[in-house]
Peer 1: 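Shown below is the structure under consideration.
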Protein chains: 2
Amino acid sequence: MRSGIKQVAGMAGVSTSTVSHVINNTRFVSEETKAKVFYAMKMLDYRPNSAAQSLRNQRSNTIGLIVPILPSDTSNFFFMTVAQGIQKVLHKHGYHLLLSNNSTEEIEEEKEQIKLFNSKQIDGLIIASISEDVSYLNEIVATDYPVVFIDRKPKGYTGDCIISDSVGGSFHAVQSLIDKGHRKIGLITGNLGITTSNERLVGYKKALLKNGIAYNDSRVVTSGSTFESGFESAKEILSTQDITALFITNNVLTMGAMKFLQDEKIKIPSDLAVIGFDDYDWTQITTPPLTVIRQPSFDLGMKAAEVIMNRINKDTSSYKEHRLKTELVIRGSC
Amino acid sequence: MRSGIKQVAGMAGVSTSTVSHVINNTRFVSEETKAKVFYAMKMLDYRPNSAAQSLRNQRSNTIGLIVPILPSDTSNFFFMTVAQGIQKVLHKHGYHLLLSNNSTEEIEEEKEQIKLFNSKQIDGLIIASISEDVSYLNEIVATDYPVVFIDRKPKGYTGDCIISDSVGGSFHAVQSLIDKGHRKIGLITGNLGITTSNERLVGYKKALLKNGIAYNDSRVVTSGSTFESGFESAKEILSTQDITALFITNNVLTMGAMKFLQDEKIKIPSDLAVIGFDDYDWTQITTPPLTVIRQPSFDLGMKAAEVIMNRINKDTSSYKEHRLKTELVIRGSC
DNA sequence: CTGAAAGCGCTTACAG
DNA sequence: CTGAAAGCGCTTACAG
């Protein structure tokens with residue numbers, strides 16, 4: 001039998017109202033009474049029942065997060081780091097994170113997870129949808145909580161959006177390869193249709209254009225973001241194209257591509273210059289260490305959490321797109 | 001206004017009791033009535049309010065998980081994978097996972113997190129405690145839910161325990177190095193006091209003993225499980241000891257140590273044979289690819305979830321220690 | 001300065 | 001075969 005507000009009230013000799021007000025600091029209570037209440041709470045090791053609170057307050061102090069992490073061995077570092085950033089901020093506000101991982105690539109699954117969240121009375125939703133067109137959210141999302149999109153720009157639903165500067169990051173990477181004299185540059189990127197993939201392709205094209213290099217379709221491979229497809233994409237591009245540099249636009253694909261280069265004993269950067277995406281520790285232990293574009297993933301999570309907390313606290317300004325700067329981290333691979 | 005059981009009852013023209021019984025399949029309801037109820041539920045897009053359910057049922061369908069993931073860049077793959085295994089099983093049972101990450105190394109923090117869980121009315125706790133002595137759980141854990149320990153064997157509190165065969169795995173690794181002719185073998189392992197670290201040291205000693213090799217204290221370095229300390233430990237051991245082989249007993253330390261070997265351009269396996277711990281994709285992209293001891297981390301998570309579900313469903317058999325077999329995955333580093 | 005009481009949305013003994 | 005009503009543990013308008 002865990003003790004509730006009633007037991008505390010009993011022991012302190014006051015009403016449950018008073019106990020509640022002491023806990024929530026929501027009306028004046030004499031110091032003397034307060035002391036008695038606190039004492040009783042300590043004695044009984046009182047912990048509020050959050051189910052009762054949620055029911056009564058019609059909110060759960062919980063934010064739902066949906067991310068697409070495929071069920072491969074290589075969890076996607078990126079979203080894990082984002083989640084940690086979110087956690088950190090929510091914790092400060094006394095909020096919890098309910099994490100749901102869409103490991104299928106199905107919109108139906110995403111809908112199911114949102115319904116579950118609704119059932120849990122979430123106060124806000126942060127989502128990296130597998131789809132660019134999120135108009136289906138209109139029928140699913142309860143209208144009474146804010147939605148914040150991360151990593152992918154939504155279409156068909158309005159909300160804040162936190163995303164890194166993919167065009168800029170990609171441009172930067174390709175430009176730096178060009179600066180080193182490369183003109184035949186391959187690109188491996190995630191499936192198009194997702195904002196980040198689209199934009200990273202744009203950045204690539206932009207850099208070529210600016211330097212008067214013709215864009216060549218067959219030097220670009222798009223694929224799902226798995227270790228295996230990173231491997232296969234590298235294989236495909238290197239067996240058909242005569243490239244001297246390769247840019248890979250996310251961390252999982254980068255890892256897979258490196259495996260191929262490693263297997264084939266391709267010398268980096270002399271045979272092939274490589275720039276990867278996302279700066280995690282493992283990029284330091286390849287031979288040579290990888291040059292990468294770093295996205296501020298932890299910060300992205302923090303930002304998303306801050307924005308959603310503001311919305312919950314009645315920030316009614318119009319929806320904004322927040323762009324986070326990327327950075328070129330130069331190591332030995334180019 | 002989200003619709004509740006009341007609205008459904010109204011629309012279907014029955015009592016709320018009947019709706020509840022239809023939902024939970026908990027007493028006979030005529031097919032005709034059922035149909036009306038289902039229709040109303042669909043129309044109103046009814047979703048049970050889980051706060052109300054928790055309050056009424058005195059359970060939350062939620063399991064708490066506490067893991068120690070340090071706040072370094074390199075999240076610990078191991079626990080992430082374990083968590084995914086847990087998720088998978090819980091999901092099948094309609095349970096949720098509340099994840100709490102103890103990123104400090106403080107017991108106080110762990111206590112706080114458990115109190116929070118209590119407040120959330122968790123139905124069970126899965127924990128990889130930072131401490132071997134978990135007797136403090138006696139004052140903190142509400143007596144009405146089961147506790148399952150993972151990765152570390154508890155002292156001072158009884159419960160089921162799921163853990164891999166660390167002695168065997170470690171023995172296997174060291175024996176295979178000895179088989180290749182190595183006699184001067186270094187060991188980098190996590191801080192002692194944690195079951196897995198202790199046991200992996202035991203396995204190391206056991207292999208030496210069996211082969212008549214004297215144990216040499218200074219060839220063993222223990223440290224916290226961060227990338228940096230992996231790096232530092234490798235540096236320390238290699239600058240003071242004349243070893244020909246190195247065994248590192250967890251994935252984060254392995255990554256850090258590899259960074260040092262990489263920086264120093266130490267040739268693997270000719271200058272130094274290396275065996276790491278935990279089989280993740282990144283071990284394939286070092287030069288050469290790493291030989292590792294694989295623990296079944298996903299399975300470990302699944303097992304933990306199954307055990308706790310059984311306990312919740314009144315399995316009253318005595319507490320058991322479940323040992324999961326490890327496996328030597330041979331690649332190029334030894 | 002403080003208390004009695006209603007009600008959040010469910011489930012379930014009780015009654016018919 | 002089904003309904004009326006109590007109660008889970010909170011918060012908060014209302015009353016004094």
Side-chain angles (χ1 to χ4, degrees), chain A residues 1-38 40-41 44-62 94 115-116 118-123 142 144, chain B residues 1-38 40-41 44-62 94 115-116 118-123 142 144:
Chain A
M1 210 57 214
R2 242 167 278 175
S3 45
I5 211 173
K6 218 164 158 179
Q7 285 73 4
V8 174
M11 179 164 175
V14 299
S15 72
T16 57
S17 328
T18 297
V19 175
S20 173
H21 281 119
V22 168
I23 293 168
N24 300 302
N25 218 328
T26 179
R27 84 175 171 197
F28 186 91
V29 177
S30 74
E31 285 306 323
E32 199 190 352
T33 313
K34 261 190 199 166
K36 281 189 291 188
V37 172
F38 281 130
M41 293 203 297
L44 298 169
D45 191 29
Y46 170 74
R47 287 265 132 193
N49 178 320
S50 57
Q53 287 179 315
S54 297
L55 179 57
R56 172 61 226 226
N57 293 331
Q58 303 291 71
R59 57 187 172 69
S60 57
N61 283 354
T62 295
K115 283 185 181 174
L116 208 64
N118 287 341
S119 187
K120 285 259 167 195
Q121 318 297 119
I122 56 167
D123 300 332
D144 50 2
Chain B
M1 211 55 215
R2 243 167 278 174
S3 45
I5 212 173
K6 217 164 159 181
Q7 285 73 5
V8 174
M11 180 164 173
V14 299
S15 73
T16 57
S17 327
T18 298
V19 175
S20 172
H21 282 119
V22 168
I23 293 167
N24 300 302
N25 218 329
T26 179
R27 82 175 172 197
F28 185 90
V29 177
S30 74
E31 286 305 323
E32 199 190 354
T33 313
K34 261 189 196 167
K36 280 190 293 187
V37 172
F38 280 131
M41 292 203 298
L44 298 169
D45 190 29
Y46 171 74
R47 287 264 131 192
N49 178 321
S50 56
Q53 287 178 316
S54 297
L55 178 57
R56 172 62 226 227
N57 295 331
Q58 302 290 72
R59 57 185 172 70
S60 57
N61 283 354
T62 295
K115 283 185 181 174
L116 210 64
N118 288 341
S119 188
K120 286 260 167 193
Q121 317 296 119
I122 56 167
D123 300 331
D144 50 2

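Just so we're on the same page: letters track the sequence lines, and every chain starts at 1.
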Peer 1: Whole angstrom is fine here: how far is it from NZ in B:Lys36 over to P in D:dC1?
Peer 2: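 Nearest whole value for this atom pair: 14 Å.
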Peer 1: To the nearest Å, how far apart are A:Lys6 NZ and D:dC10 C1'?
Peer 2: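 It works out to 11 Å between those atoms.
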Peer 1: For the pair made of CG in A:Asn57 and P in D:dC10, what is the distance, rounded to whole Å?
Peer 2: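 Distance, rounded to whole Å: 11 Å.
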Peer 1: Pair A:Ile23, A:Met41 - check side chain to side chain contact (heavy atoms under 4.5 Å, CB included), show working.
Peer 2: CA-CA 10 Å; A:Ile23 293 168; A:Met41 293 203 297; 3.8 Å; yes
Peer 1: So if I take residues 21-35 of chain B and measure heavy-atom distances to DNA chain C, which residues fall below 4.0 Å?
Peer 2: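 B:His21, B:Asn24, B:Arg27, in order of number.
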Peer 1: Checking A:Thr18 against A:Ser15: is there a side-chain donor and acceptor pair closer than 3.5 Å?
Peer 2: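 Present: a donor and an acceptor within the cut-off.
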Peer 1: Does A:Gln58 have a side-chain nitrogen or oxygen under 4.0 Å from the phosphate oxygens OP1 or OP2 of C:dG7?
Peer 2: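 Looking at the OP1 and OP2 atoms of C:dG7, neither is under 4.0 Å from any side-chain N or O of A:Gln58.
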Peer 1: Using a 3.5 Å cut-off on both pairing distances, which stems of three or more Watson-Crick or G-U pairs include DNA chain D?
Peer 2: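 So far as stems of 3 or more pairs are concerned, DNA chain D shows C:1-3 with D:14-16, C:5-12 with D:5-12, C:14-16 with D:1-3.
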Peer 1: Are the side chain of B:Ser50 and the backbone of A:Ser119 linked by a donor-acceptor contact shorter than 3.5 Å?
Peer 2: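 Yes; at least one donor-acceptor contact below 3.5 Å.
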Peer 1: Check whether any side-chain nitrogen or oxygen of B:Gln53 sits under 4.0 Å from OP1 or OP2 of C:dG9, and answer yes or no.
Peer 2: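 So the side chain of B:Gln53 is outside the cut-off, no N or O lying under 4.0 Å from OP1 or OP2 of C:dG9.
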Peer 1: If the condition is salt bridge (charged side-chain N to carboxylate O under 4.0 Å, His left out), which residues does B:Glu32 pass it with, not counting sequence neighbours?
Peer 2: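 None.
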Peer 1: Measure from CG on B:Leu55 to P on C:dG7 and round the result to the nearest Å.
Peer 2: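 B:Leu55 atom CG is separated from C:dG7 atom P by 17 Å.
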Peer 1: In whole angstroms, how far is the P atom of D:dG9 from the NZ atom of B:Lys120?
Peer 2: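 Atom NZ in B:Lys120 sits about 17 Å away from atom P in D:dG9.
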Peer 1: C:dG3, OP1 or OP2 - any side-chain N/O from A:Thr18 closer than 4.0 Å?
Peer 2: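 Answer is yes, contact under 4.0 Å.
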Peer 1: Quick one: salt bridge (charged side-chain N to carboxylate O under 4.0 Å, His left out) partners of A:Lys120, sequence neighbours excluded?
Peer 2: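 A:Lys120 satisfies salt bridge (charged side-chain N to carboxylate O under 4.0 Å, His left out) with no residue once adjacent residues are dropped.
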Peer 1: Does A:Gly4 or B:Arg56 map to a spot on DNA chain D nearer the 5' end, using the closest nucleotide for each?
Peer 2: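 Nearest nucleotide further toward 5': that of B:Arg56.
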Peer 1: Is a donor-acceptor contact shorter than 3.5 angstrom present between the side chain of A:Ser17 and the base of C:dA4?
Peer 2: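 Pair found.
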Peer 1: Kindly write out the residues that satisfy side chain to side chain donor-acceptor pair (under 3.5 Å) with B:Ser54, not counting sequence neighbours, or none if the list is empty.
Peer 2: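 Checked B:Ser54 against side chain to side chain donor-acceptor pair (under 3.5 Å); zero matches.
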Peer 1: Identify the two heavy atoms, one from B:Val37 and one from B:Val8, that lie closest to each other, and give their separation to 0.1 Å.
Peer 2: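 So the minimum-distance heavy-atom pair works out to O-CG1, 4.1 Å.
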Peer 1: Rounding to an integer number of Å, can you tell me how far A:Asn49 CG sits from C:dC10 C1'?
Peer 2: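 Taking CG of A:Asn49 and C1' of C:dC10, I get 14 Å after rounding.
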Peer 1: Measure from CD1 on B:Ile5 to P on C:dG9 and round the result to the nearest Å.
Peer 2: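 Taking CD1 of B:Ile5 and P of C:dG9, I get 11 Å after rounding.
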Peer 1: Under a 4.5 Å cut-off applied to non-hydrogen side-chain atoms, are B:Gln121 and B:Thr62 in contact?
Peer 2: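 Side chain of B:Gln121 against side chain of B:Thr62, heavy atoms only: no contact under 4.5 Å found.
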Peer 1: Once side chain to side chain donor-acceptor pair (under 3.5 Å) is applied, do any residues pair with A:Thr33, and if so which ones, sequence neighbours excluded?
Peer 2: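 In terms of side chain to side chain donor-acceptor pair (under 3.5 Å), with neighbours along the sequence ignored, A:Thr33 is linked to A:Ser30.
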Peer 1: With DNA chain D as reference, determine whether B:Ser15 or B:Ala52 sits nearer its 5' end, using the nearest nucleotide of each.
Peer 2: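 Mapping each residue to its closest nucleotide by heavy atoms, the 5'-most match is B:Ser15.
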